[in-house]
Engineer: 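The following block contains the structure, expressed as structure tokens.
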2 protein chains.
Amino acid sequence: MTDQRPSARTGRDRGIPDATVARLPVYLRALSALADAGSDTVSSEELATSAGVNSAKLRKDLSHLGSYGTRGVGYDVELLTEEISLALGLSQRWAVALVGVGNLGHALAGYAGFASRGFRIAALLDADPARVGELIQGINVQHIDDLPAVVEHEGISIGVIATPAPSAQLVCDQLVAAGVTSILNFAPCVLSVPDGVDVRKVDLSIELQILSFHENRKAFGAQPNQFAKKQPPGRLTTLPGGAAGTPPAREVVNE
Amino acid sequence: MTDQRPSARTGRDRGIPDATVARLPVYLRALSALADAGSDTVSSEELATSAGVNSAKLRKDLSHLGSYGTRGVGYDVELLTEEISLALGLSQRWAVALVGVGNLGHALAGYAGFASRGFRIAALLDADPARVGELIQGINVQHIDDLPAVVEHEGISIGVIATPAPSAQLVCDQLVAAGVTSILNFAPCVLSVPDGVDVRKVDLSIELQILSFHENRKAFGAQPNQFAKKQPPGRLTTLPGGAAGTPPAREVVNE
DNA sequence: TACCGCTTGTGAACGCTCGCACAAAGTCGG
DNA sequence: CCGACTTTGTGCGAGCGTTCACAAGCGGTA
Ligand SMILES: NC(=O)c1ccc[n+]([C@@H]2O[C@H](COP(=O)([O-])OP(=O)(O)OC[C@H]3O[C@@H](n4cnc5c(N)ncnc54)[C@H](O)[C@@H]3O)[C@@H](O)[C@H]2O)c1
Ligand SMILES: NC(=O)c1ccc[n+]([C@@H]2O[C@H](COP(=O)([O-])OP(=O)(O)OC[C@H]3O[C@@H](n4cnc5c(N)ncnc54)[C@H](O)[C@@H]3O)[C@@H](O)[C@H]2O)c1
């Protein structure tokens, strides 16, 4: 799961496990679909299937919130939706600041999935004077220097960073200084923040590289280089060149 | 970490742990920065700091690849870069198909981070006839029906889904049928795939909701509703309305 | 060559997560 | 009211991931 652990739970603390928190939004989505389909109640088995998890795991996850099921029947869709929303803090609408209105920033600004889940893009900010003043989805792009005032005025506590990596730490510091305590980072870099500030990252390249690993593993079952031991100039060199014979690629999968 | 576990490792199998695989790309990025800065060697302590992890964890992670460090000295930056790249299967350039050239798809198509990490966008596809033929970053948008031929011709093994959620499963099935064995999904839904196909998801809303949870926790230390027990109509109703007195919201953060 | 300081690689302990399996607790039909 | 059936909530064991702490190994120095 994404890393850079958020809010190191302080040993004691009767909190909900991180792994559970990460799944609650998925359950919420599945519940929403069930509600649209007209279901009033749902069993852990059904809900688990919709969410793509084991039913025992689902029940254990929900048990952390309290006892909201009915034995022999299942869970009330509406009630459970409310309880999960409450646990996630979605009973209030969070204001979000989006910094960096480039390619990705434009897509994010126009994303309907924010509003529908209880988040409001309260501000768009950029450092480029040419972008300031631009109107995107009815929101005016403001200069990054106005950040403190905007955060204060709009009551913003969540920031999204969509600037190039070299600027990300600077922007992050500015967000923190302005009072933002949760940050979602799209730039491919590690951010350092003071205690009490949570950072989560979304990194395309990392996801692709993980897929690459598994793809590679599928292509060559278990490699021969089982126990490598620093062969001085054994298999040599030049990374993006072509490492000893391009693999058989295809013919592996397909049903 | 993202979830929907890729390629259930079959019990035995001397493979690299998933948690380690997920961090290798981060190390790679840190190494790249060190190389640019002119370092020839690096200690586990330095590299761990750059990557934002514990140095013991870093060493254990690297130990899964083999013994490529020198005691008393550290790791050779270039050698380690090669070894990690090799382990991740980045010594070859993977061809990627991007399906859904809407808001997000456009941003992704123009993203330089793909190419620089060894991925090549080999095809853009969409179902909307109005988009077919459009030229984006020098690549022609093709119709989704041409998927099988394109996958075959370009040797594509990785697919990226950037269509609306209702189309995602259909597109996924088409990708799998065409021979794609790794999928990165941006649509907010669960995909089901046959064994042998890996799926990873990137979901904005989930990330924000996790941040919301922690933000909420910061606001109200440990809640009073410690042991809830199905209060029949206790605190009631209407989720996006205002759950029993809108919380004190502001005044919490702003350090 | 013998010694010293530094850093790796890893054994071992601990905590978190997962999934099984089942008792407890509810519904429903008679 | 009772008994059969269904589904939740959870105790428990196994496995994975993280961290500590240190012996082993390497380069440098006398
Ligand atoms: N485009 C994608 O699909 C994509 C995908 C994954 C990750 N990313 C990452 O997201 C980030 C943004 O990507 P992009 O393609 O939108 O880049 P971009 O260059 O199109 O946009 C970056 C924007 O950030 C602004 N900016 C730069 N420095 C700033 C600062 N100090 N304060 C405020 N604003 C600042 C720039 O003016 C620009 O408008 C990058 O880190 C990139 O690696 C992008
Ligand atoms: N825009 C964002 O910032 C953002 C952020 C996170 C997640 N997402 C998700 O990414 C997905 C795409 O978002 P978007 O804003 O780009 O939407 P969009 O509507 O702008 O683009 C979707 C594209 O997919 C194409 N499409 C639809 N059905 C198709 C099919 N069966 N085969 C091929 N192509 C098909 C459409 O023609 C359209 O071009 C959505 O699932 C969205 O929830 C978007």
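Convention: sequence-line order gives letters A, B, ...; per-chain numbering from 1.
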Engineer: Within this structure, what is the CD1-SG distance for the pair Ile183(A) and Cys172(A), rounded to the nearest 0.5 Å?
Structural biologist: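 It comes to 3.5 Å.
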Engineer: Keeping Lys218(B) on the side-chain end and Gly196(A) on the backbone end, is there a donor-acceptor pair under 3.5 Å?
Structural biologist: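 Yes; at least one donor-acceptor contact below 3.5 Å.
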Engineer: Out of dG19(C), dG9(D), dT8(C), which nucleotide sits closest to the side chain of Tyr75(A)?
Structural biologist: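 Closest nucleotide to the Tyr75(A) side chain: dG9(D).
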Engineer: Ignoring hydrogens and geometry, is there a side-chain-to-backbone donor-acceptor pair from Lys60(A) to Thr20(A) under 3.5 Å?
Structural biologist: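 No.
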Engineer: Rounded to the nearest angstrom, tell me the gap between atom OH in Tyr68(A) and atom P in dA25(C).
Structural biologist: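 It is 18 Å, rounded to the nearest whole Å.
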Engineer: Quick one: does Val199(A)'s side chain get under 4.5 Å of Leu184(A)'s, heavy atoms only?
Structural biologist: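 Of all side-chain heavy-atom pairs linking Leu184(A) with Val199(A), none is under 4.5 Å.
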Engineer: Which of these nucleotides, dG17(D), dA24(D), dG27(D), is closest to any side-chain atom of Val73(B)?
Structural biologist: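 Between dG17(D), dA24(D), dG27(D), the one nearest the side chain of Val73(B) would be dG27(D).
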Engineer: Measure the distance from NE2 on His64(A) to C1' on dC18(C) and round it to the nearest whole Å.
Structural biologist: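 Distance check: His64(A) NE2 to dC18(C) C1' gives 11 Å.
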Engineer: Which nucleotide in the list dG9(D), dT18(D), dT8(C) gets nearest to the side chain of Ser67(A)?
Structural biologist: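 From the listed options, dG9(D) comes nearest.
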Engineer: Which nucleotide in the list dG17(D), dT17(C), dG9(D) gets nearest to the side chain of Ser63(A)?
Structural biologist: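 The nucleotide sitting nearest to the side chain is dG9(D).
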Engineer: Looking at dC20(D), I'd like to know if its phosphate oxygens (OP1 or OP2) sit under 4.0 Å from a side-chain N or O belonging to Asn54(B).
Structural biologist: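 Yes, such a contact exists.
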Engineer: Does dC18(C) have OP1 or OP2 sitting under 4.0 Å from an N or O in the side chain of Arg23(A)?
Structural biologist: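 Yes, Arg23(A) has a side-chain N/O under 4.0 Å of OP1/OP2 on dC18(C).
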Engineer: Side-chain contact, heavy-atom cut-off 4.5 Å: Pro188(B) with Ser205(B)?
Structural biologist: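 No; the side chains remain at least 4.5 Å from each other.
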Engineer: So which one's nearest nucleotide on DNA chain C is more toward 5', Gly72(A) or Ala56(A)?
Structural biologist: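 Residue closer to the 5' terminus by nearest nucleotide: Ala56(A).
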Engineer: Answer whether the closest heavy-atom distance between the side chains of Trp94(B) and Asn216(A) falls below 4.5 Å.
Structural biologist: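 Yes, their side chains come closer than 4.5 Å.
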Engineer: Quick one: Arg59(A) CZ to dT17(C) P, roughly how many Å, whole number?
Structural biologist: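 Atom-to-atom, Arg59(A) to dT17(C), this comes out as 19 Å.
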Engineer: Starting at CG of Leu65(A) and ending at P of dT8(D), how long is that distance when rounded to a whole Å?
Structural biologist: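 Rounded to whole Å, this separation is 15 Å.
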Engineer: To the nearest Å, give me how far apart CG (Asp61(A)) and P (dG19(C)) are.
Structural biologist: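 In whole Å, dG19(C) P lies 11 Å from Asp61(A) CG.
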Engineer: For Ile210(A), is there any backbone N or O sitting under 3.5 Å from a side-chain donor or acceptor partner on Arg200(B)?
Structural biologist: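 Judged by distance alone, no pair lies under 3.5 Å.
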Engineer: Is it the case that the base of dT8(C) and the side chain of Arg71(B) share a donor-acceptor contact (distance under 3.5 Å, atom types as modelled)?
Structural biologist: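 Yes, the side chain and the base share a sub-3.5 Å donor-acceptor pair.
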Engineer: Counting only non-hydrogen atoms, which of residues 32-45 of chain B are less than 4.0 Å from DNA chain C?
Structural biologist: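 Going residue by residue through residues 32-45 of chain B, the ones with a heavy atom under 4.0 Å of DNA chain C turn out to be Ser43(B), Ser44(B).
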Engineer: Between the two end axes of the helix from dT1(C)-dA30(D) to dG30(C)-dC1(D), each built from 5 base pairs, what angle do you get to the nearest 10°?
Structural biologist: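 Axis angle across the helix from dT1(C)-dA30(D) to dG30(C)-dC1(D), nearest 10°: 0°.
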Engineer: Just how far, in rounded Å, is C1' of dG19(C) from CG of Leu58(A)?
Structural biologist: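 Taking atom C1' of dG19(C) as the reference, CG of Leu58(A) is at 13 Å.
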Engineer: Run the side-chain donor-acceptor check on residues 161-169 of chain B: report pairs under 3.5 Å with partners two or more places apart or on a different chain.
Structural biologist:
unit_1, atom_1, unit_2, atom_2, d
Gln169(B), OE1, Ser192(B), N, 3.0
Gln169(B), NE2, Asp173(B), OD1, 2.9
Gln169(B), NE2, Ser192(B), O, 3.1

Engineer: Separation of Lys57(B) atom NZ from dC16(D) atom C1', in whole Å?
Structural biologist: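 Computing the Lys57(B):NZ to dC16(D):C1' distance gives 13 Å.
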Engineer: Among side-chain atoms of Asp61(B) and Tyr27(B), is any donor-acceptor pair under 3.5 angstrom?
Structural biologist: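 Yes, Tyr27(B) and Asp61(B) have a side-chain donor paired with an acceptor closer than 3.5 Å.
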Engineer: Does the side chain of Ile158(B) come within less than 4.5 Å of Leu208(A)'s, by heavy atoms?
Structural biologist: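 They are in side-chain contact.
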Engineer: Atom CG of Asp76(A) and atom P of dT8(D): how far apart are they, to the nearest Å?
Structural biologist: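 It is 13 Å, rounded to the nearest whole Å.
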Engineer: Quick one: side chain to side chain contact (heavy atoms under 4.5 Å, CB included) partners of Val42(B), sequence neighbours excluded?
Structural biologist: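 Result, side chain to side chain contact (heavy atoms under 4.5 Å, CB included) vs Val42(B): Leu31(B), Leu34(B), Glu46(B), Leu47(B), Tyr75(B), Val77(B).
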Engineer: Using atom names, set out every protein N or O paired with an N or O of nucleotides 11-13 of chain C below 3.5 Å, distance rounded to 0.1 Å.
Structural biologist:
unit_1, atom_1, unit_2, atom_2, d
dG11(C), O6, Lys60(B), NZ, 3.3
dA12(C), N6, Lys60(B), NZ, 2.9

Engineer: For Tyr111(B), which residues count as a ring pair (Phe, Tyr, Trp, His ring centres under 6.0 Å) partner, sequence neighbours excluded?
Structural biologist: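 Listed in chain order: Phe114(B).
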